[in-house]
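The chain is numbered in sequence order, starting from 1. Everything numeric here is computed off the predicted structure, so don't read it as measured data.
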Amino acid sequence: MKKGQIVEGIIESVEFPDKGILRTEDGTPVVVKHAIAGQKVSVAVQRVRKGKSEGRIVSVLERSPRELAEAACVHAGDCGGCAYQTLPYEEQLSLKAAQVKRLLDEAILPEGYEFLGILPSPRAHAYRNKMEFSFGDTCKDGELALGMHRRGSFYDIVNVPECRIVDEDFRTVLTVTLAYFGKRGISYYHRLRHTGYLRHLLVRKAVKTGEILVDLVTTTQSPAEGVVEGELLEGWKNELLSFKYTGRMTGILHTNNDSVADAILNEGTETLYGQDFFYEELLGLRFQITPFSFFQTNSLGAEVLYQTARDFIGDALGEGKVVFDLYSGTGTIAQMLAPAAKKVIGVEIAAEAVEAARENARLNGLHNCEFIAGDVLKVLDEVEERPDYIVLDPPRDGIHPKALEKIIRYGVPQMVYISCKPTSLARDLAVLQARGYEVKKAVCVDMFPGTVHVE
């Protein structure tokens, strides 16, 4: 096998996350992203290392028997956002559950555990409450584009006016914004030259309240020759407000970001219209969400996730119990558990999220929640209380090994671990089991239909 070689074969299986396994005629395995079991594909080998080969799909020669005749989204295949738009939703669920179970079966000790399958998202389409769209061009020196990165490309942007994972209000904001700035010849930020103005469009919308928050992220460079930034932004705001939405526009913002990283960083935000937050409701509680604070991107799916966590905890809590909610975000889990506990302490590294958590607890009339801003690894040394129960909801990389050791030393009888990356979970479970914990049961919750991800 050599780099650049073209091979053909059938995708025999797909491992988490998004690792299709193609086996050539001589039995050599090749790892291929964005593949579906049963597809016959032509693959260009990109890397060969220590007997392992990786490649990218050049073309799909034959569809998998599992696939739909037409993808659910017209942008499928070009857009890098979703990999499973050609699969019926039941097939997506089956695939994700099988991948996670395979990982857990390898990680969990022989005593066994109860695998409860997968719980579906209440919506398979139009489920997201947040999208980060990028400005760029569809090809080198092409027209202004606003959408998602092209599959397999760091630079090219695909316009996605018919995106299926968001509702029509997102699509309206997207198309209006692109037309407005495109008509005026406003430059986008070029990632190699570090020049240009437009960077990202952040759109958030609550499912329960219908409130919409829009944030335009730009550099502090000049938008275009002879263009006054204030007048440009005022025109954009008025253009957005001239359209009708199924929800309600509550805030239009402008954020500066001169970082060279291709990420949304807040280096100063001004409010052009309304307010810089919106409200969402989960399981009877109300949450204030700011532009950059973490909040589950599938509100209805989050209700399934958090209700499942509450069911797992069952009656283990009580009036005298102290609960640690580690990696607590905006405090959603902590506030779900607060009525059943003496006290809940949430720890989160993002200071903005902690401020939102405190405000949310106040809004919900919860006085037994304490939220601490800082790294879990360091904060645990400073907290005097000892937990009776621990809930873990770490970022994708899982728990820092030293932090995990501190968590284990508390010796709580039970924990719930919510994971957005099952491979990180499998690694952490090995440590927990080595220190005496047993895995009793596990369940998947599909928060991201159309994609390879699962909680």
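- Here K205 pairs with D169 in a salt bridge; the nearest charged N to carboxylate O distance falls below 4.0 Å.
- Of all heavy-atom pairs between P65 and G38, the closest is CD-O, 4.1 Å.
- The pair R362-E359 counts as a salt bridge, with a side-chain nitrogen and a carboxylate oxygen less than 4.0 angstrom apart.
- Here the CD-CD distance, from E62 to Q39, works out to 10.5 Å after rounding to the nearest 0.5 Å.
- Pairs passing the side chain to side chain donor-acceptor pair (under 3.5 Å) check and including a residue from residues 117-131, sequence neighbours excluded, read S121-N298, N129-S299, K130-E132.
- Side-chain contact between T297 and M447 is absent, with no heavy-atom pair separated by less than 4.5 Å.
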For Y189 and H194, what are the C-alpha separation, side-chain angles and deciding distance, and is it a side-chain hydrogen bond (donor to acceptor under 3.5 Å, both in side chains)? CA-CA 6 Å; Y189 178 73; H194 306 310; 3.0 Å; yes
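- Heavy atoms from other residues, nucleotides or ligands lying under 6.0 Å from NZ of K33 number 12 at most.
- Using a 4.0 Å cut-off between charged side-chain N and carboxylate O, K208 and E280 make no salt bridge.
- Checking T269 against H254 by side-chain atom types alone, no donor-acceptor pair falls below 3.5 Å.
- No side-chain heavy atom of L146 sits less than 4.5 Å from a side-chain heavy atom of I157.
- F292 and F294 have their aromatic ring centers separated by at least 6.0 angstrom.
- You'll find the side chain of E355 stays beyond 4.5 Å of the side chain of E352, heavy atoms only.
- When the ring-ring contact (aromatic ring centres under 6.0 Å, His included) test is applied to Y245, no partner is found at least two apart in sequence or on another chain.
- Shown here are the ring-ring contact (aromatic ring centres under 6.0 Å, His included) partners of F324, two or more places apart in sequence or in another chain: Y410.
- Residues forming a ring-ring contact (aromatic ring centres under 6.0 Å, His included) with Y155 (at least two apart in sequence, or on another chain): none.
- Note that NZ of K3 is 8.0 Å distant from CD of Q46, once rounded to the nearest 0.5 Å.
- To the nearest 0.5 Å, atom OG of residue S328 and atom CD1 of residue I333 are 8.5 Å apart.
- Applying the side chain to side chain donor-acceptor pair (under 3.5 Å) test to every pair with at least one member in residues 222-238, sequence neighbours left out, gives these pairs: T177-W236, Y197-E229, E234-K237.
- Taking both residues in full, the closest heavy atoms of K96 and H453 are given as NZ-O, 2.9 Å, listed atom of the first, atom of the second, then distance.
- With values rounded to the nearest 0.5 angstrom, F170 atom CZ is found 8.0 Å from I212 atom CD1.
- When every heavy atom of F135 is checked against every heavy atom of L201, the shortest pair comes out as CE1-N, 4.2 Å.
- For E303 against L283, the heavy-atom pair with the smallest separation is OE2-N, 2.8 Å.
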Residue pair R310, Q307: steps toward the side-chain hydrogen bond (donor to acceptor under 3.5 Å, both in side chains) verdict: CA-CA 5 Å; R310 283 208 302 209; Q307 183 60 56; 3.2 Å; yes
Given the rule in the side-chain hydrogen bond (donor to acceptor under 3.5 Å, both in side chains) test, do Q335 and N364 qualify, once you have shown the distances and angles that lead to the verdict? CA-CA 8 Å; Q335 292 171 72; N364 290 309; 3.0 Å; yes
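- Residues L282 and Q296 have side chains not in contact (no heavy-atom distance under 4.5 Å, counting atoms from C-beta outward).
- By the 6.0 Å and 45° rule, R286 stacks over the aromatic ring of Y279.
- The shortest heavy-atom contact between Q5 and V7 is NE2-CG1, 3.8 Å.
- The minimum heavy-atom distance linking I21 with V31 is given by the pair CD1-CG2, 4.1 Å.
- The one candidate from L202, L216, L213 that meets the side-chain contact (heavy atoms from CB on, under 4.5 Å) condition with L253 is L213.
- Here the side chains of Q99 and V452 are not in contact, with every heavy-atom distance at 4.5 Å or above.
- The pair E162-R164 meets the salt-bridge criterion, since a charged nitrogen lies less than 4.0 angstrom from a carboxylate oxygen.
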With a 3.5 Å cut-off and sequence neighbours excluded, list the donor-acceptor pairs that the side chains of residues 395-402 form with protein atoms.
{"residue": "R396", "atom": "NH1", "partner": "C420", "partner atom": "O", "Å": "3.2"}
{"residue": "H400", "atom": "ND1", "partner": "K402", "partner atom": "N", "Å": "3.0"}

